[in-house]
Asks: 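One structure follows; several queries about it will come next.
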Amino acid sequence: MLKRLLLIGAVLGAGWLPATEGVSEMAIQLFGKEEAPKRVATGAVFIDGLYVKGPYEVSREGNVILINGRVASRFKVEAKAAAEAAAQAAAEAAAKAAAEKADAAASAEGAVSDEAGATIGSDPTPTLEDSGPAPAAKRPSAIEQRLAKRGAGGIEARLAAQRKAKNLQQQSAKGSFNTEASGGDPTALFEEADYTYTPPSRPEPKAVPYARPGARKSMTQRLADAKEADAKQEAKRVATAKQPEADDAADEIATEAFDDLTEAEIDAYTKRFAQRRAVLEKILEGDNLLLLVSTGSSAQYKNRAVMWRFVSQLDGLCAAPTASKLLDAWGRTLPRAYLQRIFDNRASNSDAMRTLILRVRRQAREAKERADNRI
């Protein structure tokens with residue numbers, strides 16, 4: 001509702017603001033525009049792999065940042081508050097449906113009887129019959145009572161002692177170690193072990209020092225193996241250069257959904273877009289290398305030293321028939337997929353970068369002279 005009121009007021013009061021091609025007029029009405037406050041003569045900008053000649057003017061229209069009037073970066077816009085409200089409503093509806101289902105299941109099972117404590121219609125609760133008094137304990141006989149008075153224990157105890165003594169006597173007569181646990185009885189007999197040294201029947205072989213398999217080969221064989229390993233590594237490198245890696249995925253395309261945006265979200269988006277425009281302008285003022293994509297907000301930059309080396313080597317690396325040299329030289333510093341884009345635009349970049357290459361070489365030479373003079 002707030003967005004519609006803002007749009008109606010803007011249309012009736014000042015009319016629609018003119019938009020650059022590829023920029024939404026509604027985004028301009030919501031987030032405004034920013035003109036470039038100055039021109040930056042330093043730095044190097046690539047948009048979608050295509051070099052943009054300086055000097056640079058960094059401006060903004062809605063959720064899009066432009067460099068020299070060309071779309072350089074586009075931000076994703078979505079109504080997070082509406083999405084969160086919809087998700088919460090869906091969760092509440094699911095919880096309510098689950099509660100209703102549980103109530104229906106409980107009512108289908110039947111009511112609970114207050115008297116019997118069971119569901120109506122179920123079998124009666126079983127009861128245990130009276131089994132009578134517990135049996136009386138067995139009383140000891142008169143002989144056992146007499147033996148107990150003498151301190152010799154009962155008949156069962158005397159028989160158990162006799163069986164144990166007989167068992168120990170049988171085990172001792174075997175002349176070997178006990179094979180069963182003695183139960184902690186100190187009267188158990190153990191035979192002493194024989195620790196007499198018996199010399200081996202034949203002498204042990206002498207120890208042979210270990211030699212690695214590679215050390216047993218001759219120098220000629222080692223050189224041949226090294227050349228074969230280098231050839232395999234080169235073939236693997238060429239195959240990798242021909243087929244892009246899985247990490248070089250395409251950049252995510254920014255989506256735009258301006259419906260149901262709240263006033264707080266509009267203010268937050270506006271501050272974020274203005275801050276990014278100022279950051280990109282400051283990066284170019286530092287004479288850095290800036291890589292951008294026009295379909296998303298991803299950006300990457302490198303310092304001036306890296307920019308000088310890249311610009312100086314790019315023309316020679318792109319002279320090859322494939323992008324393998326460029327990917328090998330800069331694949332660990334810059335995104336490989338983006339380097340492929342730069343190689344695909346090598347013809348246009350070569351003509352547009354002549355002035356930049358001359359400036360970089362002059363600045364590098366002057367920096368070297370200043371360093372030599374300080375020494």
Side-chain angles (χ1 to χ4, degrees), residues 42-54 56 67 70-74 214 221-254 280 283-284 286-365 367-368:
T42 56
V45 177
F46 286 86
I47 301 176
D48 298 334
L50 187 65
Y51 173 71
V52 181
K53 294 181 64 174
Y56 303 110
I67 295 181
R70 178 175 177 175
V71 177
S73 185
R74 186 184 301 272
Q221 185 64 28
R222 295 183 191 178
L223 292 176
D225 294 344
K227 290 181 180 180
E228 185 179 357
D230 293 341
K232 291 182 180 179
Q233 189 69 19
E234 181 67 15
K236 184 178 179 181
R237 182 189 63 80
V238 172
T240 304
K242 290 181 179 179
Q243 184 177 4
E245 295 181 354
D247 296 338
D248 297 335
D251 296 303
E252 182 181 358
I253 298 177
L280 295 182
I283 290 174
L284 293 177
D287 200 12
N288 298 312
L289 174 65
L290 183 59
L291 308 179
L292 300 171
V293 290
S294 60
T295 57
S297 60
S298 59
Q300 188 173 18
Y301 76 95
K302 298 296 180 181
N303 57 27
R304 183 175 61 179
V306 175
M307 189 269 287
W308 284 0
R309 290 192 295 107
F310 181 73
V311 170
S312 302
Q313 300 175 10
L314 183 60
D315 200 12
L317 295 174
C318 289
T322 62
S324 58
K325 290 186 177 181
L326 179 61
L327 296 177
D328 292 342
W330 290 91
R332 296 184 179 181
T333 306
L334 301 177
R336 297 176 66 89
Y338 204 93
L339 290 173
Q340 184 66 46
R341 292 187 182 185
I342 293 176
F343 180 81
D344 295 339
N345 295 287
R346 58 189 180 279
S348 302
N349 294 340
S350 178
D351 296 336
M353 292 178 63
R354 291 178 181 177
T355 305
L356 174 64
I357 293 173
L358 294 176
R359 177 176 69 84
V360 168
R361 290 177 179 175
R362 184 183 69 252
Q363 291 177 346
R365 183 173 59 255
K368 185 176 183 303

Asks: Could you work out, with side chain to side chain contact (heavy atoms under 4.5 Å, CB included) as the rule, every residue matching Ala305, not counting sequence neighbours?
Replies: Asn303
Asks: Just jot down the side chain to side chain contact (heavy atoms under 4.5 Å, CB included) partners of Ile357, sequence neighbours excluded, or say none.
Replies: Val311, Met353, Arg361
Asks: Would you say the side chain of Ile342 lies within less than 4.5 Å of the side chain of Leu334, judging by non-hydrogen atoms?
Replies: no
Asks: As an exercise, state the distance from CG of Leu314 to CE of Met307, rounded to the nearest 0.5 Å.
Replies: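 Result: 12.5 Å between the selected atoms.
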Asks: Going by salt bridge (charged side-chain N to carboxylate O under 4.0 Å, His left out), name the residues that satisfy it together with Arg222, two or more places apart in sequence or in a different chain.
Replies: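 Here no residue qualifies.
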Asks: With a 4.5 Å heavy-atom cut-off, do Asp328 and Leu317 have their side chains touching?
Replies: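 They are not in contact (no side-chain heavy atoms under 4.5 Å apart), so the answer is no.
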Asks: Atom CG in Leu339, atom CG in Leu327: separation rounded to 0.5 Å?
Replies: 6.0 Å
Asks: Check for a donor-acceptor pair, side chain of Tyr338 on one end and backbone N or O of Gln300 on the other, with a separation under 3.5 Å.
Replies: no
Asks: With sequence neighbours excluded, what pairs up with Phe343 under the ring pair (Phe, Tyr, Trp, His ring centres under 6.0 Å) test?
Replies: none
Asks: Within the 4.5 Å heavy-atom criterion, are Arg70 and Leu50 side-chain neighbours or not?
Replies: yes
Asks: Using the test side chain to side chain contact (heavy atoms under 4.5 Å, CB included), find all partners of Ala72 that sit at least two apart in sequence or belong to another chain.
Replies: Ile47, Ile67, Leu292
Asks: Could you tell me whether the side chain of Leu356 reaches within less than 4.5 Å of the side chain of Tyr51, counting heavy atoms only?
Replies: yes
Asks: Could you note down all residue pairs passing salt bridge (Lys or Arg N to Asp or Glu O under 4.0 Å) where residues 289-306 supplies at least one of them, sequence neighbours left out?
Replies: none
Asks: Which heavy-atom pair separates Gly296 from Ser73 by the least distance, and what is that distance?
Replies: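 Smallest interatomic distance, heavy atoms only, reads O-OG, 3.4 Å.
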Asks: Is the closest side-chain heavy-atom distance between Arg309 and Thr333 below 4.5 Å?
Replies: no
Asks: Please enumerate all residues that pass salt bridge (charged side-chain N to carboxylate O under 4.0 Å, His left out) together with Lys368, with sequence neighbours excluded.
Replies: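 Applying salt bridge (charged side-chain N to carboxylate O under 4.0 Å, His left out) to Lys368 gives Asp372.
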Asks: Who are the side chain to side chain donor-acceptor pair (under 3.5 Å) partners of Ser312, not counting sequence neighbours?
Replies: none
Asks: Taking side chain to side chain donor-acceptor pair (under 3.5 Å) as the test, write out the residues that go with Gln221, two or more places apart.
Replies: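 Checked Gln221 against side chain to side chain donor-acceptor pair (under 3.5 Å); matches are Asp225.
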Asks: Applying salt bridge (charged side-chain N to carboxylate O under 4.0 Å, His left out), can you list everything that pairs with Arg359, at least two apart in sequence or on another chain?
Replies: Asp287
Asks: Side chain to side chain contact (heavy atoms under 4.5 Å, CB included) between Arg341 and Leu291: does it pass, once the steps are laid out?
Replies: CA-CA 11 Å; Arg341 292 187 182 185; Leu291 308 179; over 6 Å; no
Asks: Can you list every pair that meets ring pair (Phe, Tyr, Trp, His ring centres under 6.0 Å) and has a residue in residues 291-337, with sequence neighbours left out?
Replies: Phe310-Trp330
Asks: Quick one: CZ on Arg362 to CG on Leu358, what's the gap to the nearest 0.5 Å?
Replies: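 Arg362 atom CZ to Leu358 atom CG measures 8.0 Å (nearest 0.5 Å).
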Asks: Counting C-beta onward and ignoring hydrogens, is there a side-chain heavy-atom pair between Arg336 and Gln340 closer than 4.5 Å?
Replies: no
Asks: What closest approach, in Å, do Lys325 and Ala320 show between heavy atoms, and which atom pair accounts for it?
Replies: CD-CB, 4.0 Å
Asks: So, using side chain to side chain donor-acceptor pair (under 3.5 Å) as the criterion, who are the partners of Ser294 when residues are at least two apart?
Replies: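 For Ser294, the residues satisfying side chain to side chain donor-acceptor pair (under 3.5 Å) (neighbours in sequence not counted) are Asp48.
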